[in-house]
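Presented below is the structure to which this report refers.
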Amino acid sequence: MTALQEDFEACYVRVKDDCLRALLLATGDRVLAEDLLSEAFARAWARWPAVRMHPRPEGWVMRTALNLNVSWWRRRRRELLTSAHADHAGVPEPGQSEDFGDFAALVLALPRRQRQVIAMRVLLDLDTADTARVLGLAQGTVTAHLFRALQSLRRSLDSHSQSTGGIA
Amino acid sequence: MIDQQLHQALQDEYADVALATPVSDIVRRGRSMRRQYRRRRVAAFTLIPAFGLAGAAVAGALPSPISDLLPWTTSAELASIDWDSAERLAVLSAPGGQRMEFWSATGDDDMTCLTHLQVSGEAPEATRLPESARASASGAACAQGDVADQDFSVSSITRGTSAGVLVGSAGDAVRAELQLLNGEVVPLVVTDGWLLGSFVGTEVPGSLVGYDSDDRRVGTIDLLGQTATID
């Protein structure tokens, strides 16, 4: 094994689970998230000498995965248009999927961009600048999405607490 | 703070979420993608700058075309090549009683680069690569990792005033030949995964054909049409 491959494998082991969790939150579909991430990591390895120079290679991987999601989604568009989903397919309603806990379900109920920002900022711990690069947004837009997302979550948590006495 | 609570809550809820894909699968897929990139590049990138060079080589160091075996080679990576420890990889006969020497050296990140120079047949063998032949950022054919892992491909063709030089990667080929337009066949040297050749004349050779150990064709590259068929 070359030093380059060892370097890639170490990075893969270090970030793969966090990336999957973030992508799962961004897409709401476990199988899709795994497929996207595997493809994105393979592309990262194919370009590893360049990707490894990135200060946060997982940001490159996430951007690739999200771009792939868009292109894959476009391919499936006709099929999706016949479904009832208004947003990307596979996003469950809060509490509908046993794969997601209460907090995740609340996040998944947010608009797509807000979900993505939460996934990058909160789960992957990217800063605003890296999140903006990954999502192709201005930093101010990221901040605004994060603010609105947290505001929505705070309201949801408050109403959830009042009706159930606290989130489980 | 809700974002800290959220972070912890999501981490707890997703504690069992883990990507199960073995890294070996990822590496295999990535390697396959690299091959596809390289195949595209053989036709679209590699040969064009080589053919675009004017025939300027004379006795002494031949100008190397801007080429590399991998598309992501950067100046910084090439700068790490330790030409002081370069080793002579092969020596071929060149026109006019001269010889063509191929030297390889390594650098950071498993980078191996190769350069060549034409010397007088009477000159003693140098123990170190002469300064005049040391490749700059734009002057060498390079490969990341083991050259033997690369596909059958051409990295560069340099035309001189009386001779040309071809450098490539052998892939599965154990022997290869240049088929010139005049019908002449020029055998190439396959060594350490590299494909090395020197041919007389200033015309671009017609095609490059590689054969495996069973003498089956592993690939044909039309050097004029700049198209490649990898079997």
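Side chains are part of it too, since the values below use all heavy atoms of this structure and drop only hydrogens, waters and symmetry mates. It should be emphasised that the depicted structure is a prediction, and the values quoted were computed from it without experimental measurement. First the proteins, then the strands, lettered A, B, ... as listed; each starts at 1.
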Between A:A42, A:A149, A:A44, who has the most heavy-atom pairs with chain B when the cutoff is under 4.5 Å?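 Among the listed options, the one with the most contacts to chain B is A:A42.
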Distance in Å, [X] [atom1] paired with [Y] [atom2], rounded so as to fall on 0.5 Å steps:
| X | Y | atom1 | atom2 | value |
| --- | --- | --- | --- | --- |
| A:R43 | B:I26 | CZ | CD1 | 12.0 Å |
| A:L123 | B:Y14 | CG | OH | 7.0 Å |
| A:R21 | B:L10 | CZ | CG | 10.5 Å |

Answer with side chain, backbone, both or neither: which region of A:D18 has an atom nearer than 4.5 Å to a non-hydrogen atom of chain B? side chain
Please state whether the side chain, the backbone, both or neither of A:F41 comes within less than 4.5 Å of a heavy atom of chain B.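 It is both, since atoms from each part get that close.
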Using side-chain heavy atoms (C-beta onward) and a distance below 4.5 Å, is [X] in contact with [Y]?
| X | Y | answer |
| --- | --- | --- |
| A:L150 | B:L6 | yes |
| A:F8 | B:V23 | yes |
| B:T21 | A:K16 | no |
| B:V27 | A:W48 | no |

Where A:R30 and B:V17 come nearest, the two heavy atoms and their spacing: NH1-CG2, 4.0 Å
Least distance between heavy atoms, B:G30 atom then A:A46 atom: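 For B:G30 versus A:A46, the nearest heavy atoms are O-CB, 3.5 Å.
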Looking at A:Q151, I'd like to know if its CD atom is crowded, meaning that more than 12 non-hydrogen atoms belonging to other residues, nucleotides or ligands lie closer than 6.0 Å. yes
More than 12 heavy atoms of other groups within 6.0 Å of B:D215 CG: yes
The single option from A:V15, A:L20, A:V13 passing side chain to side chain contact (heavy atoms under 4.5 Å, CB included) against B:L19: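 Answer after filtering A:V15, A:L20, A:V13: A:L20.
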